[in-house]
Amino acid sequence: MANVQDHPFHISNTLSRKKEAFIPLDAPHVGLYVCGPTVYSDVHLGNVRTFLTFDILFRWLTYLGYKVRYVRNITDVGHLVDDIDEGEDKIAKRARMERLEPMEIVQKYTNGFHDVMRQFNILPPSIEPTATAHLIEQIGMIERIIANGYAYAVNGSVYFDVPKYAETHDYGKLSGRKTEDQMSNTRGTEGQEEKRSPLDFALWKKAEKGHLMHWPSPWGEGFPGWHLECSVMSTKYLGHTFDIHGGGMDLKFPHHECEIAQSVAADGEAPVRYWMHGNMLTVEGRKMAKSEGNGFTPEELVTGNHKLLERGYSPMTVRFFMLQCHYASTLDFSNAALQAAEKGLQRLMAANDILAKLKPSAEGTSFDVGALVKACYAAMNDDLNSPVMIAHLFDGARAINGANDGNVALSQQEIDQLRKLFNEMLFAVLGLMPEAEAKAGDDLSAGLMSLLLTMRADAKNRKDFAASDLIRDKLTELGVTVKDTKDGPVWERA
RNA sequence: GGUCGCGUGGCCGAGUGGUUAGGCACAGCUCUGCAAAAGCUGCUACUGCGGUUCGAAUCCGCACGCGACCUCCA
C-alpha cells in the first residue's frame, strides 16, 4: 500500500473542467457514488467500461490508503421509455414480452450483471442499493422539494420547476448549458402539457392503466422519476455532500444536472465535490449503445459469437485492452486492437512469471527500479492514467527479460522491489488475473505432458529431431504450445 | 440549430512549448538442431492553412473531417 501524503491524487473534475488535487471532505474516508445499471436487459460492453473505470478508481484510492465507501445502485424501478409516452416503463414492457413478473426480470438481469462483473474481476461496491427499496426516501425528497417551492403536483404527477430553480441557481453548470439556450432548443412539447415549462422534469409520475410497477404516494399511485433515486441513495449513504460521483459521459445531461438541482432544492446543498465522467466505447467510430444496436454483449465478446468479431477474447484481454486507453477518451473496438492487447498482456504476465524465478546478477547494465516505481505512482495519481502506468510496466518487463538473459544487472533488493511493484500494480491496482491457472488442466494431463516431454527430450538427446518435432507439432495441433527454455521445456494450453 | 470534445507513425493509443511514450505489426541481427520466447537495431508521426514564440504536435485563429450531448442509454 502507498502513502497518500507522498502520492497526492489528482482528478479531472467535470464541474470545474480542470484537473484538481483530490482532497476528501473527511479523510481518510472517501464517499464514492456511481450510477449503476438499469436491469431490464443484458448488461452491455459500455457498462463494463464505465464500471471498470470506477473499479480502478476504487482500487487506486484504496491502495493509497483511503477508506472508500463505494455505492453503486441498481435501477430496478424502470424508467419511462421517454418523456411523452403513455407511462409504460421499460421493465414492465419487457416483462410483458417475456411474460414474467417485473421483479423476476429485475432478478434475472441483476444476476447476469453480477456474473459479468465477476468475470471481468470488477470488485463489488460497498453498498449496492436498489431503487425499489428506497421509495419512502424518494417520496420524502419530493416532499422537501415541494415544500421549498421548487416542484408542483399536477394530476397525480410531480414536476421539478426548472425555471424557478434557475432564477437563483445555475442549472446547467455541470453540463455547460444555459437555460435560455435550452428553451429555444426544446423539441416538440406534445404530451407535456402538464409541465409548466418544457425544461421541467418528472419527480413522480402517475401510473396509467396497465402500468405494472407502481406504489402509493401522497399524489396517488405512481412511480418515481428518473433522476430521483440517485439523489436519494447517494446522499442517504454518503451524506448531503460527498466526494466523488461518477458515471458515463452520456449521463452528464440531464441525469446528473437534475441530481444536483434536486439535492440543492431539497436540502440546500450541492451534493458532489468531484464529478467524474467516463467516455464512450465506440465501434467503427460510433458510440456503442443499446439504442444504436451496434454493440455486443460481454458474452459475445468472450465467445466471439458476433459478426464484428473474428474470434473470442478473454475477459482479462478485454480488461487490459480497456485499461490501455485513458478513461476520459473514447475507445474504439477492433479485432486488431484486441489482438494487440492480448499479446501485450501475455508479455507482461510472462515477465511477471520470469520475475518470480529471477536470480540477482551484477552483469550487464543497471536499471533504476526506484524511478520506475515513482513513475507508476505518478501516472496513476495523474487522473488515473492507466495507459501510461502500463507503458512503465512494459519498461519493467524489458528489464526483467534483460536480466533473465544476463544483459541487465538486478540486485536481490531490486528484484524484490520489482516483485512488489508488479504484484501490486498488475493484480491489486489493474485488477488483472493470471489466466494460465485455469488452463493448466488436471493431474492426468499434467502427467501425460510430463511423459511426452520426457520422450521428446530423449529424442532430442539422440538427435532424432523428426521424432521430437512430431511430438511438438502434434501437441500444437491439440492446442498445447511447447517452448524450450534454458530451464527446460514449458507448455501451456492455448 | 445550440453546447462540448476530438483529429498523433501500418494499427491501437499516451503526451509536455525545446529531450525515445508504450503495445501490436513489419524488417535485420543475436540466441536456438529448428521453432517459440527473449534481447538488440531499424521504421520516429502529430488533418490543412495562418498567427504568437528564439522554438509548437503541444498556445491562438480559421478551414476541413469526425464524434458526443441536447430523448432512455455507462
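Chain A is the first sequence line, chain B the second, and so forth, proteins listed ahead of strands; every chain is numbered from 1. Owing to the predicted nature of the structure, the values given are computational and were not obtained by experimental measurement.
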Compare all side-chain heavy atoms of [X] with those of [Y] and state whether any distance is below 4.5 angstrom.
X: A/Leu174; Y: A/His245; value: no
X: A/Lys195; Y: A/Tyr159; value: yes
X: A/Phe321; Y: A/Leu331; value: yes
X: A/Met117; Y: A/Pro37; value: no

Practice task
Decide yes or no, distance alone: a donor-acceptor N/O pair under 3.5 angstrom between the base of B/A21 and the side-chain of A/His392.
Solution key: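 Looking at the base of B/A21, it does not pair with any donor or acceptor on the side chain of A/His392 (distance under 3.5 Å).
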
Exercise for the section: Among B/C69, B/A74, B/A21, find the nucleotide with the atom closest to the side chain of A/Asn47. Expected result: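 Of all the options, the side chain of A/Asn47 is nearest to B/A74.
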
Handout entry: Candidate nucleotides B/A68, B/C69, B/C11, ranked by approach to the side chain of A/Phe253 - the nearest
Key =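 It is B/C69.
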
Exercise for the section: Provide the distance between the two C1' atoms, one in B/A14 and one in B/C69, to the nearest whole Å. Expected result: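 Pairwise C1' distance, B/A14 against B/C69, rounds to 26 Å.
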
Handout entry: C1'-based separation of B/G5 from B/C43 [nearest Å]
Key =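 Here B/C43 and B/G5 have their C1' atoms 32 Å from each other.
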
Handout entry: Earlier contact from the 5' end, RNA chain B, for A/Ala340 and A/Thr282
Key =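 Its nearest nucleotide lies further toward 5', so the answer is A/Ala340.
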
Practice task
Using heavy atoms to find the nearest nucleotide of RNA chain B for A/Met280 and A/Asp382 separately, return the residue whose nucleotide is more 5′.
Solution key: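 Closer to the 5' end of RNA chain B: A/Asp382.
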
Practice task
Mind telling me whether A/Tyr171 and A/Phe253 have parallel, tilted or perpendicular rings, with 30° and 60° as the class edges?
Solution key: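 If you compare the ring of A/Phe253 with that of A/Tyr171, the planes turn out perpendicular.
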
Practice task
Using a 3.5 Å limit on both pairing distances, list the dot-bracket string of RNA chain B from the 5' end; Watson-Crick and G-U wobble pairs count, crossing pairs take [ ], interstrand pairs take |.
Solution key: (((((((..(((.....[...))).(((((.......)))))....(((((..]....))))))))))))....

Practice task
Can you sort out which residues in residues 324-331 of chain A have a heavy atom within less than 4.0 Å of RNA chain B? Ascending by number, please.
Solution key: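 By residue number: A/Gln324, A/Cys325, A/His326, A/Ser329, A/Leu331.
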
Categorize [X] for me: base, sugar-phosphate, or nothing, with a 4.0 angstrom heavy-atom threshold over every strand shown.
X: A/Met276; value: nothing
X: A/Gly46; value: base
X: A/Asn404; value: nothing

Handout entry: Presence of A/Arg177 side-chain N/O under 4.0 Å of B/G2 phosphate oxygens OP1/OP2
Key =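 Checking A/Arg177 against B/G2: no side-chain N or O falls below 4.0 Å of OP1 or OP2.
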
Handout entry: Distance (rounded to the nearest 0.5 Å) between A/Leu308 CG and A/Phe333 CZ
Key =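 Rounded to the nearest 0.5 Å, the CG-CZ separation comes out at 10.5 Å.
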
Practice task
At under 4.0 Å between heavy atoms, which parts of nucleotides 28-41 of chain B does protein reach? Answer with one letter per nucleotide, 5' to 3': B base, S sugar-phosphate only, - none.
Solution key: -----BBBBSSSS-

Handout entry: N-O pairing of A/Arg462 and A/Asp458 below 4.0 Å
Key =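 Salt bridge: no.
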
